[in-house]
Visitor: 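Okay, handing you the structure first.
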There are 2 protein chains.
Amino acid sequence: MEKENITIYDVAREAGVSMATVSRVVNGNSNVKQATKDKVLAVIDRLDYRPNAVARGLASKKTTTVGVIIPDVTDMFFSELARGVDDVASMYHYNIILANSDDSGTKELQVLENLLAKQVDGIIYMGNGLRDKLRDQFSHTNVPIVLAGGVDEKNQIPTVNIDYAAATKDAVTKLINNGHKQIAFISGSLQQAINQNYRLQGYKAALEEAGIAFDEALVFETQYTYNAGFELANELYGTDATAAFVGADELAAGILNGLTDRGVDVPNDFEIITSINTKLTQITRPQLTSISIPMYDMGAVAMRMLTKLMGKENIENGRLSLPYGIISRQTTR
Amino acid sequence: MEKENITIYDVAREAGVSMATVSRVVNGNSNVKQATKDKVLAVIDRLDYRPNAVARGLASKKTTTVGVIIPDVTDMFFSELARGVDDVASMYHYNIILANSDDSGTKELQVLENLLAKQVDGIIYMGNGLRDKLRDQFSHTNVPIVLAGGVDEKNQIPTVNIDYAAATKDAVTKLINNGHKQIAFISGSLQQAINQNYRLQGYKAALEEAGIAFDEALVFETQYTYNAGFELANELYGTDATAAFVGADELAAGILNGLTDRGVDVPNDFEIITSINTKLTQITRPQLTSISIPMYDMGAVAMRMLTKLMGKENIENGRLSLPYGIISRQTTR
DNA sequence: CTGTTAGCGCCTTCAA
DNA sequence: TTGAAGGCGCTAACAG
């Protein structure tokens with residue numbers, strides 16, 4: 001019902017040349033006479049020959065495939081990163097194997113194992129931290145790896161992100177400048193390096209600079225979900241906080257709506273700054289003021305860096321901090 | 001700086017058996033004495049041997065990899081589908097190669113070509129229609145393909161989705177039952193089969209059943225973006241429509257906010273039903289009434305169906321219509 | 001239960 | 001500029 005898989009050998013025979021020659025024209029090798037090249041190309045076209053990437057991968061030890069470890073594709077932050085990665089990857093003729101890890105230590109390890117077994121030429125890692133075991137595995141392989149959007153406290157792995165600590169500090173400072181002294185810090189798990197070692201540090205730095213004492217009671221650790229935020233609004237209502245820095249948009253939306261439902265007037269009674277600037281920020285009413293993170297660009301730049309690493313090019317700088325901003329909308333005065 | 005790649009041959013030598021035996025234990029083949037199996041396993045562990053999936057793929061003609069053609073990972077509808085696909089895929093030990101197509105005919109064709117070159121064992125196709133050229137290519141390959149979340153007007157390809165026409169009809173009927181006679185139909189491009197041949201048909205069917213004349217002026221074709229919706233609110237304001245069926249959530253959110261900003265009271269002056277039930281529907285104020293689509297499940301079921309096809313199992317039914325619902329929230333009375 | 005022997009389809013020296 | 005030949009690492013008969 002279908003023609004058998006046609007191979008480089010078939011093309012060689014039909015074209016009256018050796019398979020080596022076919023291989024050369026397929027790979028754009030220079031040393032082929034134009035005439036024979038045309039002849040081969042014609043046969044390739046006629047036979048509808050399609051090189052087998054698996055065989056090619058085995059022989060050349062290059063698969064033109066990169067692995068992407070992502071906590072969850074349905075998370076807008078990560079899906080934007082992934083899009084940037086894929087666009088640049090396809091630009092350089094790479095495909096990506098996408099694997100969800102749920103940010104789970106064991107799954108990550110397992111996914112990495114799969115990826116390496118599949119002989120990916122490189123890996124883009126996304127996550128909210130970098131566990132020691134994984135870091136360990138990373139150092140045991142010579143497949144190049146780049147962190148996209150995440151943080152590496154130990155500065156060992158090529159990384160593309162923004163300065164989360166500085167961004168957080170800026171956001172909190174903005175709140176302070178608006179007259180607030182009781183500012184809540186709301187994020188996901190403080191087990192995650194990005195929250196514990198960067199965002200929280202930026203928050204503290206802002207307070208310190210303003211001479212405001214750090215108050216443990218204003219630090220809230222929760223899930224990155226709308227409902228978690230909606231419920232947290234209750235708790236918040238019981239504190240003397242008058243503003244909040246929030247680590248994720250969906251969470252912020254929940255807090256905003258929860259507060260509003262309780263009759264709190266945002267931004268007049270309470271101000272909020274969130275951290276990602278996903279589409280959500282424009283959809284809520286009032287619209288969310290937010291740190292703006294160039295997610296797509298981080299993904300794209302990380303992938304670009306990876307192509308260099310895979311090509312054994314020298315990386316001038318393996319730790320790129322992209323510019324961020326703060327977009328004022330309606331949850332701040 | 002790193003130990004050379006260790007192969008099945010190294011393991012065989014160290015364990016004092018043939019590579020065939022090692023292959024057997026690695027592949028869980030039954031015919032191996034427990035003693036030698038243990039011995040081999042020990043060596044594998046000691047040497048930290050990891051089977052090369054590329055070589056395995058070449059020899060066995062199976063890559064345990066499936067290709068996923070997706071319009072855009074950052075679209076919540078598709079990313080949920082993709083998550084369902086990946087979860088089931090990994091459950092069956094498959095990896096997925098994710099490729100964005102932007103729903104573009106040429107990109108799709110090109111992506112398909114790549115996927116086939118990489119010898120994927122199967123393909124999950126996502127899109128808002130199925131162009132003839134692509135359908136053509138699909139029929140020229142014997143790699144199994146399943147459509148996830150999309151529609152195939154010609155009923156040729158295994159598909160998992162919901163009955164979009166019926167769902168739309170239900171939604172519009174709900175609006176009619178609430179007393180509306182001028183109901184706008186707002187969707188993305190009518191070039192797309194899903195809109196032209198299913199949603200619009202469902203809309204017309206509802207009108208007809210209620211004896212309401214179809215009015216071309218109430219059909220709006222636009223982009224699936226928040227801003228498109230926000231601007232469309234203007235146009236809508238100029239018509240005599242008192243309710244709207246909207247084909248996507250982000251678009252609906254734009255319309256809702258645009259209308260609200262113009263002083264229209266939703267749902268009292270205007271009712272809206274949207275189509276996907278993404279998280280957005282709970283975040284807008286008022287919250288959006290919506291058709292609920294089991295996106296994750298569609299992806300999961302599609303992938304499950306694909307595993308059967310790849311395993312040459314018989315598919316009892318290649319066209320699965322999953323149940324949907326309508327969730328009443330605050331944009332309808 | 002285990003070993004031998006061919007390939008799988010292509011790349012890549014090495015010669016010619 | 002082109003061809004011959006030897007792998008890449010593993011699976012899959014086929015023997016024994």
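All values reported here derive from a predicted model rather than from experimental measurement. Reminder, nothing fancy here: chain letters follow the sequence lines and each chain counts from 1.
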Visitor: Where the side chain of A/A55 is concerned, which of D/dG9, D/dG3, C/dG9 is the nearest nucleotide?
Guide: C/dG9
Visitor: Will you find, in the side chains of A/D38 and A/Q34, an N or O donor that is under 3.5 Å from an N or O acceptor?
Guide: yes
Visitor: Has B/K61 got a side-chain N or O lying under 4.0 Å from the OP1 or OP2 atom of C/dG9?
Guide: yes
Visitor: Of the listed nucleotides (C/dT12, C/dT4, D/dT11), which one gets closest to any side-chain atom of B/A20?
Guide: C/dT4
Visitor: Does any donor atom in the side chain of A/D102 or A/S104 lie under 3.5 Å from an acceptor atom in the other side chain?
Guide: no
Visitor: Within the pair B/R56 and D/dT11, is there a side-chain N or O less than 4.0 Å away from OP1 or OP2?
Guide: yes
Visitor: Name the closest nucleotide to the A/N31 side chain, picking from D/dT1, D/dG7, D/dC10.
Guide: D/dT1
Visitor: Whole-Å distance between D/dC8 P and B/Y9 OH?
Guide: 11 Å
Visitor: Which listed nucleotide (C/dC1, C/dT4, C/dC10) is nearest to the side chain of B/K33?
Guide: C/dC1
Visitor: Looking at C/dC11, I'd like to know if its phosphate oxygens (OP1 or OP2) sit under 4.0 Å from a side-chain N or O belonging to A/S23.
Guide: yes
Visitor: Should A/S18 be listed as having a side-chain N or O under 4.0 Å from OP1 or OP2 of D/dG3?
Guide: yes
Visitor: Using distance alone, with no hydrogens and no angle criterion, decide if A/S90 and B/K107 have a side-chain donor and acceptor under 3.5 Å apart.
Guide: no
Visitor: Ignoring backbone atoms, establish whether B/T36 has a side-chain N or O less than 4.0 Å from OP1 or OP2 of C/dT2.
Guide: yes
Visitor: Is it true that the side chains of A/Y224 and A/D75 contain a donor and an acceptor less than 3.5 Å apart?
Guide: no
Visitor: Using a distance-only criterion (donor-acceptor N/O pair, under 3.5 Å, no hydrogens), is the base of D/dG3 paired with the side chain of A/R24?
Guide: yes
Visitor: Between B/N52 and D/dC8, is there a contact of a side-chain N or O with OP1 or OP2 at under 4.0 Å?
Guide: no
Visitor: Taking only the side-chain nitrogens and oxygens of B/Y49, find out if one of them lies under 4.0 Å from OP1 or OP2 of D/dC10.
Guide: yes
Visitor: Does the side chain of A/T64 pick up a donor-acceptor pair with the side chain of B/K118 at under 3.5 Å?
Guide: yes
Visitor: As a test of reading the structure: which of D/dT2, C/dC10, C/dG3 is closest to the side chain of A/M19, going by heavy atoms?
Guide: C/dC10
Visitor: OP1 or OP2 of D/dT2 versus the side-chain N and O atoms of A/T21: is any pair under 4.0 Å?
Guide: no
